[in-house]
Amino acid sequence: MFTPILIASLVSLINAASIVSRSQSPPPTVLGPQTTITVGNKVIAPDGFDRSATLVNGIFPGPLITAQKGDTFAIEVVNELEDETMFKSTSIHWHGIYQNGTNYADGVSFVTQCPIAQNHSFLYTFSATSQTGTYWYHSHYSVQYCDGLRGALVIYDPDDPLAYMYDVDDASTVITLSDWYHVVAPVLRNIIGPLFDSSLINGLGRYAGGPASELAVISVEQGKRYRMRLVAMSCDPSFAFSIDGHNFTIIEADGLLTEPLVVDELQILAGQRYSVVLIADKPVDNYWMRSLPNSANASFVGGMNSAILRYQGAPLVDPTTVNTSQTPFIENNLHALIDPGAPGIPGYGNADINLNFQVNNASGFFYINGVAYKPPTVPVLLQILSGAQEPSQLLPNGSVVVLEANKVVELTLSIVTGPGGPHPIHLHGHAFDVVQSAGSSTFNYVNPVRRDVVSAGNAGQQMVIRWTTDNSGPWFLHCHIDWHLDAGFAVVMAESPSDTAAHVNPVPQDWDELCPVFYNLTPTQLGGGGQSAYAEAASITTLLFPPSPFPPPPSP
């Protein structure tokens with residue numbers, strides 16, 4: 001709780017024009033598409049609170065990975081994790097990359113691979129021939145990315161049809177939005193509805209009652225136009241993003257270009273990305289950049305949930321601007337720029353395969369059509385390559401949906417009961433057309449937005465999406481609130497299993513070696529705090545899940 005003195009001091013901090021800003025963002029670390037990254041532990045304090053974290057190359061967010069259209073990726077992930085309180089195995093998902101023909105490189109523990117064990121490495125090799133735009137990467141092992149393993153990935157298009165709209169598009173205009181926790185994720189995953197302590201912009205922020213630590217600074221030159229690539233890499237909240245006094249034009253959603261749409265506030269959910277064009281046409285000054293999380297009592301007091309947009313030539317002081325947003329983003333207003341139109345015959349229920357997923361919540365667990373997802377011990381891809389084909393043969397029971405090849409799928413996902421929304425739904429291996437947005441009663445098969453993460457809304461709402469099954473393999477569909485995924489909000493879409501062996505051939509030898517190594521790990525080598533993690537959770541709250549055995553213990 002704030003004391004009256006603290007409140008007064010913080011209010012004066014953001015209102016005093018004479019406050020000298022200590023915030024000066026260092027240039028981002030940038031890697032190419034063929035590189036080596038090291039996953040390890042380091043104590044950092046992005047919001048002024050010291051804690052050990054799980055990081056890529058020792059920084060948060062992880063390095064920006066960039067490529068040009070058509071480049072081949074070859075990223076070796078070296079696991080040097082050693083902190084006993086956090087998970088010591090890992091895997092990395094390249095979020096939004098379709099992995100067509102390389103399902104084994106999708107990076108989902110127990111769906112497309114076994115985790116990478118401590119003191120081992122794995123080379124992720126894949127191409128994204130037709131893809132450009134804004135993506136990101138993160139751990140896909142239990143709730144590990146909540147401890148810090150997350151970073152942005154951009155594929156630049158030298159022939160971008162919207163390049164005429166902006167002058168600057170580089171590492172300095174990639175803006176990451178994230179939540180941050182002072183307690184390690186293996187403890188928090190035992191708590192129903194854990195709360196984050198702060199939200200960060202480009203890895204910097206402040207928390208209630210904490211110090212006035214540095215904030216991120218985004219520098220612009222008056223008169224220039226900037227393509228800002230927003231990446232929501234939170235584990236839980238969505239953010240209302242705005243920049244005081246400025247409109248911006250959306251031109252991309254989740255790696256796919258859109259018809260330009262002018263807004264001055266943008267809700268962005270966990271896993272989503274947008275490119276927006278900002279025209280630096282205001283007086284030379286400092287302006288608050290705001291990223292308000294959808295949590296109780298969230299505010300901008302003391303510079304929380306904020307960064308600084310600083311025009312060149314402006315004094316090095318904190319902004320005194322105010323938020324006057326009047327044109328918020330509505331997803332229905334966003335339309336695909338290239339090849340618009342949902343696949344298949346227009347009209348609800350007219351697809352080749354029509355699926356209806358009902359989501360419920362009981363005692364903190366999420367159920368899709370009555371089943372809570374729990375990761376199998378043997379990855380689904382390995383099951384398929386070993387000969388399993390039918391739904392009854394594939395584990396986990398009730399959480400694998402087999403789809404025929406080259407069919408149009410229409411999925412309706414309804415939130416019957418389920419706190420903590422809006423729920424961002426992500427499908428691996430595909431982008432999809434959003435023919436009905438959550439909270440809307442209208443359907444659009446003509447020119448809906450096309451993306452890979454969409455809101456399913458809150459209880460009583462639904463979304464409807466369409467895609468074509470042209471990418472054989474098991475693909476994860478899940479809520480991108482990582483605590484909800486961990487509590488069962490997921491299903492595996494097994495696309496044409498009979499074609500998978502040929503489609504992903506050859507599987508790399510080092511992929512085959514992941515499971516035997518992982519199965520021989522001891523509990524100490526797994527990390528995660530063991531029973532002490534549950535005991536620590538119990539000291540925080542009584543809102544606890546029953547003791548859980550997953551991530552699955554190794555077994556031969």
Ring geometry between His93 and His138 (parallel below 30°, tilted from 30 to 60°, perpendicular above 60°): perpendicular
Worked verdict on Arg150 versus Asp179 for salt bridge (Lys or Arg N to Asp or Glu O under 4.0 Å): CA-CA 11 Å; Arg150 23 185 168 161; Asp179 49 357; 3.1 Å; yes
Heavy-atom donor-acceptor pair, Gln222 side chain to Lys282 backbone, under 3.5 Å: yes
Criterion side-chain hydrogen bond (donor to acceptor under 3.5 Å, both in side chains) on Ser440 and Thr442, from CA distance to verdict: CA-CA 6 Å; Ser440 172; Thr442 61; 3.0 Å; yes
Ring pair (Phe, Tyr, Trp, His ring centres under 6.0 Å), paired with Tyr181, selected from Trp483, Tyr207, Phe49: Trp483
Steps toward side-chain hydrogen bond (donor to acceptor under 3.5 Å, both in side chains) verdict (Ser219, Gln312): CA-CA 7 Å; Ser219 297; Gln312 290 182 20; over 6 Å; no
Side chain Asp264, main chain Thr327, donor-acceptor under 3.5 Å: yes
Gln461 (side chain) donor-acceptor with Asn458 (main chain) under 3.5 angstrom: yes
Arg229 bridged to Asp169 by N-O distance under 4.0 Å: yes
Exercise: identify the closest heavy-atom pair between Ile201 and Ser291: CD1-CB, 3.8 Å
Whether Phe476 and His478 hold their rings parallel, tilted or perpendicular, with breakpoints at 30° and 60°: tilted
Ser91 side chain to Gly107 backbone, donor-acceptor under 3.5 Å: yes
For Gly457 against Ala438, the heavy-atom pair lying closest together: N-CB, 3.5 Å
Arg310 to Tyr287, cation-pi by 6.0 Å centre distance and 45° axis angle: no
Whether Thr173 side chain and Arg227 backbone form a donor-acceptor pair below 3.5 Å: yes
Residues Asp281, Arg225: salt bridge by 4.0 Å N-O rule: no
Ring centres under 6.0 angstrom apart (Trp288, Phe241): no
Plane angle bin for His423 and Phe366 - parallel if under 30°, tilted between 30 and 60°, otherwise perpendicular: perpendicular
Test: Asp452 and Arg273 ion pair at under 4.0 Å: yes
Under-4.0 Å salt bridge between Asp486 and Arg189: yes
Verdict with supporting geometry, Glu265 and Ser242, side-chain hydrogen bond (donor to acceptor under 3.5 Å, both in side chains): CA-CA 5 Å; Glu265 183 177 277; Ser242 63; 4.7 Å; no
Residue from Ser199, Ser234, Ser238 passing side-chain contact (heavy atoms from CB on, under 4.5 Å) with Pro293: Ser199
Expected output: side-chain Ser142 to main-chain Gln144 donor-acceptor under 3.5 Å: no
Which atom of Asn294 lies closest to which atom of Gly421, heavy atoms considered: ND2-O, 3.5 Å
Contact check, side chains of Leu411 and Leu477, non-hydrogen atoms, under 4.5 Å: yes
Thr29 side chain reached by Leu64 side chain, heavy atoms, under 4.5 Å: no
Salt bridge (Lys or Arg N to Asp or Glu O under 4.0 Å) between Asp147 and Arg51, worked out: CA-CA 10 Å; Asp147 278 326; Arg51 61 152 290 184; 2.7 Å; yes
Neighbour count >12 (heavy atoms, 6.0 Å) for atom CG, Leu162: yes
Heavy-atom closest contact (Ala307 atom, Ile218 atom, distance): CB-CD1, 4.2 Å
Candidate pair Ser52 and Asp83, rule side-chain hydrogen bond (donor to acceptor under 3.5 Å, both in side chains), full reasoning: CA-CA 8 Å; Ser52 178; Asp83 191 317; 2.7 Å; yes
Geometric class of the His426/His480 ring pair [parallel <30°, tilted 30-60°, perpendicular >60°]: tilted
Nearest heavy atoms of Leu215 and Gly205, plus distance in Å: CD2-CA, 4.1 Å
Lys42 bridged to Glu80 by N-O distance under 4.0 Å: no
Parallel, tilted or perpendicular: rings of Trp94 and Tyr124 (30°, 60°): perpendicular
Parallel, tilted or perpendicular, as decided by the 30° and 60° cut-offs, for the rings of Phe60 and Trp180: tilted
Sidechain-backbone polar pair: Asp254 side chain, Val453 backbone, donor-acceptor under 3.5 Å: yes
Parallel, tilted or perpendicular: rings of Phe126 and Phe73 (30°, 60°): parallel
Check: Trp136 ring centroid to Tyr145 ring centroid under 6.0 Å: yes
Check: Leu292 main-chain N/O paired with Arg290 side-chain donor or acceptor under 3.5 Å: no
Residues that Thr324 engages under side chain to side chain donor-acceptor pair (under 3.5 Å), provided they are two or more places apart: none
Shortest non-hydrogen contact between Leu204 and Glu214, atoms and distance: CB-O, 3.5 Å
Arg206 with Asp47: basic N within carboxylate O range, under 4.0 Å: no
